[in-house]
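All remarks here apply to the structure that follows.
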There are 2 protein chains.
Amino acid sequence: MTTARKTRAHRQAVTVTDIAKGCGVSRATVSLVLRGSPLVHVDTRARVEAELKRQRYVYNRAAANLRRQTSSSIALVINDLSNPFFAEFAAGVDEALGSAGYVTLLGSTGESPERQQAVLGSLVEHAPAGMILSPAERSDGPALRRLVGAGVPVLVFNRELSGADWDFLALDNQRGARLATEHLLSLGHRHIAFFGGHAESSSCQQRRLGYAEGMRAAGLEPDPAWLVECSPTRAEAAGRTAELFERAPGATAAVCYNDNVALGLMLGLGARGVRPGADFALTGFDDITEAALSTPSLTTLAVQPRECGRHAAQLLLERVHEPDAPVKRVVAPVRLVVRGSSGAPAA
Amino acid sequence: MTTARKTRAHRQAVTVTDIAKGCGVSRATVSLVLRGSPLVHVDTRARVEAELKRQRYVYNRAAANLRRQTSSSIALVINDLSNPFFAEFAAGVDEALGSAGYVTLLGSTGESPERQQAVLGSLVEHAPAGMILSPAERSDGPALRRLVGAGVPVLVFNRELSGADWDFLALDNQRGARLATEHLLSLGHRHIAFFGGHAESSSCQQRRLGYAEGMRAAGLEPDPAWLVECSPTRAEAAGRTAELFERAPGATAAVCYNDNVALGLMLGLGARGVRPGADFALTGFDDITEAALSTPSLTTLAVQPRECGRHAAQLLLERVHEPDAPVKRVVAPVRLVVRGSSGAPAA
DNA sequence: CTGAAAGCGCTTACAG
DNA sequence: CTGAAAGCGCTTACAG
């Protein structure tokens, strides 16, 4: 139990008792009217409804939930709303939950596992019907499992969490990278490198897999030397451009780990007098805002975070209604956005 | 009462009764331990705490709130999380509420007054201790007042809401525009126009006021013809560039209503062969992402939405704890960010 | 079709 | 310092 300042809720709330007294019926009848039961006589219903309106009755969902052993809230835990990807995701989640009659309890962790523990602890006390969790980096899966307990279904989003057998929704990294690779191939490229990302990260592994898949489907065996690691930042990618060409001489195109890497590579290319989009083709991943604004604009994979959010909400609600269904692992679709950075190979 | 699908909360929650039985004390004693009362003997406390841990007890805050007539949630209603300004604002609100021990109930309206009514109706049923509301455009103030009632304190953010005497937090439009004007004056400009916005909107009025103030403080009487209206979109602003120069011949600079207007004006200037930043100086408002990325980059007013959010949360909590304090109208600070678009006047 | 009674999980006077 | 009892606002068998 965390310490919390609390506050008088309503000055003097109107209750079912007030309504019952006000129109000479029992509280049970008022309750039946509130819940739309067909057992109530039409006239009685009308009288009660008039009285509800007259006294400006506000339903107390917490009390009802307590009595019925139900919940009408879902917790949404993300790292940071100031990341547009997660903000859109949250918007999608809230939209879908709202139309299903649930309210969203928000929690943010700022990528801190400690804050995440605290936030989850506090949210769980509000007895949500379920939880959508995009784990902070370096999360302790079993600890979260213990904290949340078996009563609350959880959907994990975006980042794999070991030690907890929860449903999992992630971007289709593999398919995305394959789409990018196939796009470059279709333009006539044969010498395609994969640039950026850390080989240990699961998303990098999946994207590399998609790249290799695309190459092989075109009858090309990807050269392991053409997988060039680098941190997913613009500066790092720009700095590693020389290395890319050392390891992949003759490459005419690169599938980049993400947009930041691609934008950095563009800078690096420019510094070498290579014109991105004309002399060298490249693709990103994420479709961040700058992707459409760079020169040339960046061909990339749009991840549609809002749709992801809706999807996540839907998956969680399914789990909520069917707690004993087998654990699900779902992949969210990704869409190729073709822009200027991916041109045909120079003649 | 809106229809809502609901769900079993916990399979079989551990309650104070279970704990009481488990270590041979009364439920009252368990409750006292939970709430950290000094009335409980140290040994008893230790026994109870061990039992709480052993049975993995989870506090049921809803039940406690019901009994104590308190609330530990605050509703946050905004138009759209996919607007980075509001996403940052929400992040700030959630951060501040979280550290005060409240949980954030999220609601989004998508700028639709109808959805806003529905969302508020649903949120109110969860008995929040208060509400932070950034109203949808064309909101019906009195209707919202009626819906929310007197029991729930509300802080209105960003957009004035008539017909409801609620606390109000807004950006310091006036000071921001004055800062921009003074900046241009300090560079040597004397012929400064005000471009964009609708004269009816309260934010435009305030920004114009700040502009006039700045001009007068420098001994310059602003010419009403130099206030040129236009919708705050890029296309519209670009299209009205000619009109600006017809009405304000000899202007060497413009304070623009916001960043979109300024970016549009840049386009319009370019089309006339006028180089923004070199031949003509201009400023925006908002510091949207593109402001830093345009060529030249845009001098503008950063509105620090995250700080606004924290501030909003704090103001609301003050009201929650002191319901009868006089209504507050507060202005959030704004910071001038000097970039390339504001150069000295051409010689 | 309507009412009296019990109970969801908690807290809080009130006795002892 | 601890326990028995009542009650927050609601719902739901159970009678009638």
Side-chain angles (χ1 to χ4, degrees), chain A residues 1 4 6-48 51-52 55 57-72 124-127 129 151, chain B residues 1 4 6-48 51-52 55 57-72 124-127 129 151:
Chain A
M1 170 182 178
K6 296 179 180 178
T7 305
R8 303 208 73 69
H10 294 282
R11 286 151 205 259
Q12 52 234 6
V14 175
T15 74
V16 285
T17 309
D18 299 313
I19 304 301
K21 274 189 194 138
C23 54
V25 299
S26 76
R27 294 151 64 212
T29 304
V30 176
S31 178
L32 291 173
V33 170
L34 284 173
R35 314 206 62 245
S37 161
L39 297 178
V40 184
H41 191 280
V42 203
D43 299 348
T44 316
R45 167 181 303 285
R47 261 169 52 223
V48 171
E51 190 66 16
L52 288 168
Q55 296 202 36
Y57 172 79
V58 175
Y59 188 64
N60 185 330
R61 205 166 277 282
N65 282 334
L66 178 59
R67 177 59 235 259
R68 302 183 65 202
Q69 296 287 81
T70 58
S71 168
S72 53
V124 160
E125 296 183 352
H126 287 88
Chain B
M1 170 181 178
K6 295 181 183 176
T7 304
R8 302 210 73 70
H10 292 282
R11 288 155 202 255
Q12 52 233 7
V14 174
T15 74
V16 285
T17 308
D18 300 312
I19 303 301
K21 275 189 194 138
C23 55
V25 299
S26 76
R27 294 152 63 211
T29 303
V30 177
S31 177
L32 292 173
V33 170
L34 285 173
R35 314 207 62 245
S37 161
L39 295 179
V40 185
H41 190 281
V42 203
D43 299 347
T44 316
R45 166 181 304 284
R47 260 169 52 223
V48 171
E51 190 65 17
L52 288 168
Q55 297 202 35
Y57 173 78
V58 175
Y59 189 64
N60 185 330
R61 206 166 277 281
N65 281 333
L66 178 60
R67 176 59 234 261
R68 303 183 64 202
Q69 297 285 84
T70 58
S71 169
S72 52
V124 160
E125 295 182 352
H126 287 88

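Labels below follow one simple rule: chain letters A, B, ... track the order of the sequence lines, proteins then strands, and each chain is numbered from 1. Just so you know, these numbers use all the heavy atoms, side chains as well, and skip hydrogens, waters and symmetry mates.
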From [atom1] of [X] over to [atom2] of [N], roughly how many Å is that when rounded to an integer?
X	N	atom1	atom2	result
B:Leu66	C:dC10	CG	C1'	8 Å
A:Arg27	D:dA13	CZ	C1'	15 Å
B:Arg45	D:dT2	CZ	C1'	14 Å
B:Gln69	C:dA13	CD	C1'	16 Å
B:Tyr57	C:dG9	OH	P	10 Å
A:Arg61	C:dG9	CZ	P	19 Å
B:Arg68	C:dT11	CZ	P	7 Å
B:Leu34	C:dT12	CG	P	12 Å

Margin query: By the 4.0 Å heavy-atom rule, please label B:Thr44 as base, sugar-phosphate, or nothing.
Written below: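 Here B:Thr44 touches the backbone only, sparing every base.
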Next item on the list: Could you check whether A:Thr29 gets within reach of a base, just the sugar-phosphate, or nothing at all, counting any heavy atom under 4.0 Å?
Entry: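 Answer is sugar-phosphate: A:Thr29 comes under 4.0 Å of backbone atoms only.
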Next item on the list: Under the side-chain contact (heavy atoms from CB on, under 4.5 Å) rule, collect the residues that match up with B:Ala28, sequence neighbours excluded.
Entry: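 Partners of B:Ala28 under the side-chain contact (heavy atoms from CB on, under 4.5 Å) test: B:Ser26.
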Notebook entry, point to check: For A:Ser31, which residues count as a side-chain contact (heavy atoms from CB on, under 4.5 Å) partner, sequence neighbours excluded?
Noted result: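 side-chain contact (heavy atoms from CB on, under 4.5 Å) list for A:Ser31, sorted by chain: A:Arg35.
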Check: What is the base-pairing partner of C:dA13, counting Watson-Crick and G-U wobble geometry with both distances under 3.5 Å?
Finding: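 Pairing partner: none.
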Notebook entry, point to check: OP1, OP2 of C:dG9 versus side-chain N and O of B:Thr15: anything below 4.0 Å?
Noted result: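 So the side-chain polar atoms of B:Thr15 never come under 4.0 Å of the phosphate oxygens OP1 or OP2 of C:dG9.
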Check: Can you find a side chain N or O atom of A:Arg67 that sits less than 4.0 Å from OP1 or OP2 on C:dG9?
Finding: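 So the side-chain polar atoms of A:Arg67 never come under 4.0 Å of the phosphate oxygens OP1 or OP2 of C:dG9.
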Check: For B:His126 and B:Ser71, does a side-chain donor sit closer than 3.5 Å to a side-chain acceptor?
Finding: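 Side chains of B:His126 and B:Ser71: no pair found under 3.5 Å.
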Checklist line | Side-chain donor/acceptor of B:Arg27 to backbone N/O of B:Ala20, under 3.5 Å | finding: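 Such a contact is absent between B:Arg27 side chain and B:Ala20 backbone.
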Check: Side chain of A:Arg61, backbone of A:Ser72: donor and acceptor closer than 3.5 Å?
Finding: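 No; judged by distance alone, with no hydrogens or angles, the pair does not exist.
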Margin query: Using the side-chain heavy atoms of B:Leu32, tell me which of these nucleotides is nearest: D:dG9, C:dT12, D:dT12.
Written below: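 The answer is C:dT12.
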Next item on the list: Select one nucleotide: of D:dC10, C:dC10, C:dT12, the one nearest the side-chain heavy atoms of B:Ala63.
Entry: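 Of the candidates, C:dC10 comes closest.
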